[in-house]
Amino acid sequence: MNNFNYYNSTRYIFGHGEYHNIGSLLRPIAGKVLLHYGGGSSKRSGLHAAVVASLQAAGIDYCELGGVKPNPSVELVRLGIELARKEQVEAVLAVGGGSVIDSAKAIALGTTHPGDIWKLYTREEKQSAAPLPVATILTLPAAGSENSPNTVLTHEQSARKLGYGHESLRPALSIVSPELFLTLPPEQMAYGACDMLCHIFERYFTNTQGTELTDALGEAAMRTIMQQASILRREPHNEHAWGQLALAGTIAHNNLLGLGREQSWACHGLEHELSAVYDVPHGAGLAVIVPAYFEAVWRANPGIFAQWATNVMGVTPSRDTEHVIREGIARLRAWYRELGLPQSMHELGLPDDADYAAMARAAVATYGARLGTDTLPGVLPLDVTAAEAVYRAAR
Ligand code: NZQ
Ligand code: ZN
């Protein structure tokens, strides 16, 4: 295990009805907030009204900005920054899924950043100020943004989707009330479960040695995600299963499971190009990328893939490591199918003439540049040709 330095600054509140306490929880943090939400689900469910009532009861002033769409755009963020400055808010309250939370983090960041918000994402500028505090009420367990230090934005004109991470972006406060997930359509549950599972894959499949504890914790979280998502496929109103899935989803991405390990993020690098160019849901894109990626890289470290196949996918151990790994990947594909996730680029809706070479170049440039390499990191680093081959194998 490598050295690490971990600080998780989010107050995490879990349980039925806890969102009614948002006003009193925010009181010590801010007297005025920007209430940020998506395309309308929180209004239809009555959550928006409950949040407003709680803010008013606690004497917290607010202004609001809705309309965040999946794969959130920098354009709306710019409007949010203008509003937050004009109204002199002291915090941003996100009520929604990963897209709303990421947009809220970007507004919080941009309100105090003297330059151009998008240039933080492109690394042309550096963060020089602390962002406003962000609080979240999660309505979709998936991206893990409720406890991660990351935000992902799309710049539609240039078809680029980029992430930005800084410890100051972990939310000050996140509320997870599982009954809020009962209105989610089945495909969003599936996208979310697929995303959280992949957040663990990106950390679990490593060449770092001596990671027994985080291996075991990650395996427990992976099994939980798969089991609870299968239950929710049959019983979408099982609030207990939603709670288990949501907690696993938070742990999957707050980096507890990545401590002291070299991490990959190759599947995310490849997927973000699909979302940027074709606006596909992040979890759906991952379901198509992951099996093709595993098949391309497992030979570089058969030990960790065989361990996963036996401990997570329930394959009987055998001396025939290749068989064990292939069976593990086949079971993963079967689980994706059970959840109704796409199995190929074609099912994902990509055209036959998709420019995989351009997406491979962009993915390698973005993810390689951060580590100063010209490859996508992972158990087997992938150059542009190998990255393009993963896309093509997934067609
Ligand atoms: O906009 P509304 O009307 O609220 O509808 C949303 C949206 O259409 C709907 N929804 C959310 N909660 C609901 C609901 N519908 C009914 N009932 C509810 N309770 O679900 C749709 C999708 O929402 P979205 O927020 O886009 O999904 P998700 O949470 O999967 O977030 C995806 C975004 O997160 C990024 C992804 O790239 C993508 O842009 N990620 C962020 C990460 C981070 N910040 O750490 C890490 C991830 O790897 C990921 O990249
Ligand atoms: Zn993800």
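Numbering of ligands and ligand atoms starts at 1, following listing order. For the single chain, residues carry numbers from 1 onward in sequence order. Computed over heavy atoms, backbone and side chain alike; hydrogens, waters and symmetry mates excluded.
No salt bridge links Arg326 with Asp320; every basic N to acidic carboxylate O contact stays at or beyond 4.0 Å. Glu273 and Lys161 are not joined by a salt bridge, as no carboxylate oxygen comes within less than 4.0 angstrom of a charged side-chain nitrogen. Between Lys69 and Glu156 there is a salt bridge, with a side-chain nitrogen of the basic residue lying less than 4.0 Å from a carboxylate oxygen of the acidic one. A salt bridge does not link Asp352 with Arg395: none of the charged nitrogens is closer than 4.0 Å to a carboxylate oxygen. Salt bridge present: Glu295 and Arg333 bring a charged side-chain N and a carboxylate O closer than 4.0 Å.
The aromatic rings of Tyr121 and Tyr164 are tilted relative to each other, their planes meeting at an angle between 30° and 60°.
Distance check for atom 6 (C) of ligand 1: every protein heavy atom is found at 4.0 Å or beyond. By the definition of a contact as any protein heavy atom under 4.0 Å away, atom 9 (C) of ligand 1 is not in contact.
Side-chain contact annotation: Arg223 with Asn311, donor-acceptor N/O pair under 3.5 Å absent. Under 3.5 Å, the side chains of Trp265 and Gln263 contain a donor-acceptor pair of N or O atoms. A side-chain donor from one of Thr10 and Asn147 sits under 3.5 Å from a side-chain acceptor of the other. For the 3.5 Å distance criterion, the side chains of Glu125 and His113 qualify, holding a donor opposite an acceptor. Judged by distance alone, the side chains of Ser145 and Asp102 do bring a donor and an acceptor atom under 3.5 Å apart. Residues Thr211 and Asp215 have side chains that bring a donor and an acceptor to within less than 3.5 angstrom of each other.
Taking atom 1 (O) of ligand 1 as the reference point, the nearest protein heavy-atom neighbour is Gly39 N, 2.6 Å. Protein heavy atom in closest approach to atom 17 (N) of ligand 1: Thr183 OG1, 2.8 Å. The nearest protein atom to atom 50 (O) of ligand 1, hydrogens excluded, is given as His272 NE2, 3.0 Å; this is a heavy-atom distance. With hydrogens left out, the protein atom closest to atom 4 (O) of ligand 1 is Ser41 OG, 2.7 Å, a heavy atom. With respect to atom 29 (O) of ligand 1, the closest heavy atom belonging to the protein is Gly98 N, 2.7 Å. Looking only at heavy atoms of the protein, atom 21 (C) of ligand 1 is closest to Gln188 NE2, 3.5 Å. For atom 13 (C) of ligand 1, the closest non-hydrogen atom of the protein is Leu184 CD2, 3.3 Å.
Taking CG of Leu332 as the start and CE of Met222 as the end, the distance is 10.5 Å to the nearest 0.5 Å.
Ile107 and Val92 get closest at one heavy-atom pair: CG2-CG2, 4.2 Å. Nearest heavy-atom pair across Thr111 and Ala84 is OG1-CB, 3.5 Å.
The count of protein N, O or S atoms under 2.8 Å from the Zn ion (ligand 2) stands at 4, with waters excluded from the count.
The residue from Glu179, His199, His253 that puts a heavy atom closest to atom 47 (C) of ligand 1 is His199. Evaluated by nearest non-hydrogen atom to atom 33 (C) of ligand 1, the leading choice among Ser99, Ala276, Pro281, Gly96 is Ser99. With distances taken over non-hydrogen atoms, the option nearest atom 27 (O) of ligand 1 out of Leu140, Thr139, Leu286 is Leu140.
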_From CA spacing to verdict: ring-ring contact (aromatic ring centres under 6.0 Å, His included), Tyr293, Trp298_ = CA-CA 8 Å; Tyr293 173 79; Trp298 70 262; over 10 Å; no
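Residue contact check: Leu180 has heavy atoms under 4.0 Å from atoms 19 (N) of ligand 1. The ligand atoms of ligand 1 that sit less than 4.0 angstrom from a heavy atom of His268 are 48 (O). Residue Gly38 approaches ligand 1 through these ligand atoms, each under 4.0 Å from one of its heavy atoms: 1 (O). Atoms of ligand 1 lying under 4.0 Å from any heavy atom of Ser145, numbered from 1 in the order shown and given with element: 43 (C), 44 (N). Of all atoms in ligand 1, listed by their number and element, those nearer than 4.0 Å to a heavy atom of Pro70 are 7 (C), 8 (O), 26 (O).
Polar contact with ligand 1: absent for Arg44 (N/O pair, distance under 3.5 Å). Taking only nitrogen or oxygen atoms, main chain and side chain alike, Phe181 does not reach within less than 3.5 Å of ligand 1. In terms of N/O distances under 3.5 Å, ligand 1 is not approached by Ser42. Annotation: Ala142 places no N or O atom under 3.5 Å from an N or O atom of ligand 1; distance criterion only. Not one N or O of Pro185 is nearer than 3.5 Å to an N or O of ligand 1, by distance alone. Checking only distances, Pro72 never comes within under 3.5 Å of ligand 1, N or O to N or O. An N or O contact shorter than 3.5 Å is missing between Lys105 and ligand 1 by distance.
Counting heavy atoms closer than 4.0 Å to ligand 1, residue Asp102 contributes side-chain atoms (C-beta onward) but none from N, CA, C or O. Contacts with ligand 1 closer than 4.0 Å are made by side-chain heavy atoms of Asp195 only, the backbone lying farther away. Contacts between Ala143 and ligand 1, counted as non-hydrogen atom pairs separated by less than 4.0 Å, involve both the backbone and the side chain. Under 4.0 angstrom from ligand 1, the non-hydrogen atoms of Ser148 all belong to its side chain. In Lys161, the part holding a heavy atom less than 4.0 Å from any atom of ligand 1 is the side chain.
Checking each of Ser168, Pro72, Ser148 against Lys105 for a side-chain contact (heavy atoms from CB on, under 4.5 Å) leaves exactly one that passes, namely Ser148.
Screening residues 3-52 for ring-ring contact (aromatic ring centres under 6.0 Å, His included) gives Tyr37-His48 as the qualifying pairs, with residues at least two apart or on separate chains. Here ring-ring contact (aromatic ring centres under 6.0 Å, His included) pairs that include residues 323-381, with residues two or more places apart or in two chains, are Tyr356-Tyr391.
Counting only distance, with no hydrogens or angles, the side chain of Arg233 and the backbone of Glu338 share a donor-acceptor pair below 3.5 Å.
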Side chains of residues 180-193: which donor-acceptor partners sit under 3.5 Å, not counting sequence neighbours?
none

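Within the structure, ligand 1 has Gly40 among the residues with a heavy atom less than 4.0 angstrom away.
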